[in-house]
Amino acid sequence: MNQDWEDRVAALWARFDDHAEEEADEARFRAEVDALVAELPDGSPLGPFEQACAWDSTGRSDKAVPLYQEALRRGLADASPYKARRTKIQLASSLRNIGRAEEGLALLAPELVAPSDELDDPVRATLALCLSSLGRDREGLSLALGALAPHLPRYQRSIANYARLLVEPQEQPRA
């Protein structure tokens, strides 16, 4: 889509916090997103992506999931690899929110070995939440600490090692 459309979408999202957390205000916000989406060519993956984000951001993960999935099916990765990665993060989070954390984990785990970008930490944070929802708290904590370690002013190596040790098999004492 053209830059003017992207700028108007960005401006709408910049005003998102101006929308009160009342259903009528949230519905108006989603209607504004829908109006922008209506300008897109038929079959554009950007439409369901923006609509999913609007539903998700207004607390309706259940409505967002099929739209995120549709955006990916329509080829969002070709239109915007960055938005496709965002979609995977947001979809995994939404799946977790509706009790399908295992699906979120399966969707997002491959992103750990994807080319690195500014979304690496959100990938790890969302995976940590999925793991925790599945009762795998040590693995989740390991991911979260591993993501945090490089940002610490000190103790980066120690925290990274502690993160690794949370998931490595412990050596058993000899009898």
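Count residues from 1 along the sequence. The structure presented is a predicted model; accordingly, all values stated were derived computationally and were not measured.
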- Task: Carefully, step by step, assess Asp7 and Gln3 under the rule side-chain hydrogen bond (donor to acceptor under 3.5 Å, both in side chains).
- Result: CA-CA 6 Å; Asp7 291 345; Gln3 190 58 49; 2.7 Å; yes
- For Glu32 and Arg28, what are the C-alpha separation, side-chain angles and deciding distance, and is it a salt bridge (Lys or Arg N to Asp or Glu O under 4.0 Å)? CA-CA 6 Å; Glu32 290 181 56; Arg28 267 192 297 281; over 6 Å; no
- Could you walk me through whether Arg30 and Glu26 pass the side chain to side chain contact (heavy atoms under 4.5 Å, CB included) test, one step at a time? CA-CA 6 Å; Arg30 290 190 303 265; Glu26 292 174 346; 3.7 Å; yes
- Residues Ser44, Arg74; criterion side-chain hydrogen bond (donor to acceptor under 3.5 Å, both in side chains); working and verdict: CA-CA 7 Å; Ser44 171; Arg74 287 187 185 182; over 6 Å; no
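Rounding to the nearest 0.5 Å places CZ of Arg100 at 11.0 Å from OG of Ser61.
Closest non-hydrogen pair, Ala52 versus Leu67, comes out as CB-CB, 3.5 Å. Of all the heavy atoms in Gln90 and Asp56, the pair that sits closest is O-OD2, 3.8 Å. Of all non-hydrogen atoms in Asp120 and Pro115, the two that sit nearest each other are OD1-O, 4.3 Å.
Just one residue in the list Arg124, Arg85, Glu103, Lys88 forms a side chain to side chain contact (heavy atoms under 4.5 Å, CB included) with Leu108, and that residue is Lys88.
Looking at residues two or more places apart in sequence or on another chain, you find a side chain to side chain donor-acceptor pair (under 3.5 Å) between Asp62 and Arg60.
For Tyr68 and Trp55, the distance between ring centers is not under 6.0 angstrom.
Looking at Arg96, its side chain does come within 3.5 Å of a backbone N or O of Leu129 through a donor-acceptor pair.
No more than 12 heavy atoms of other residues, nucleotides or ligands lie within 6.0 Å of NZ in Lys63, so this atom counts as exposed by the packing criterion.
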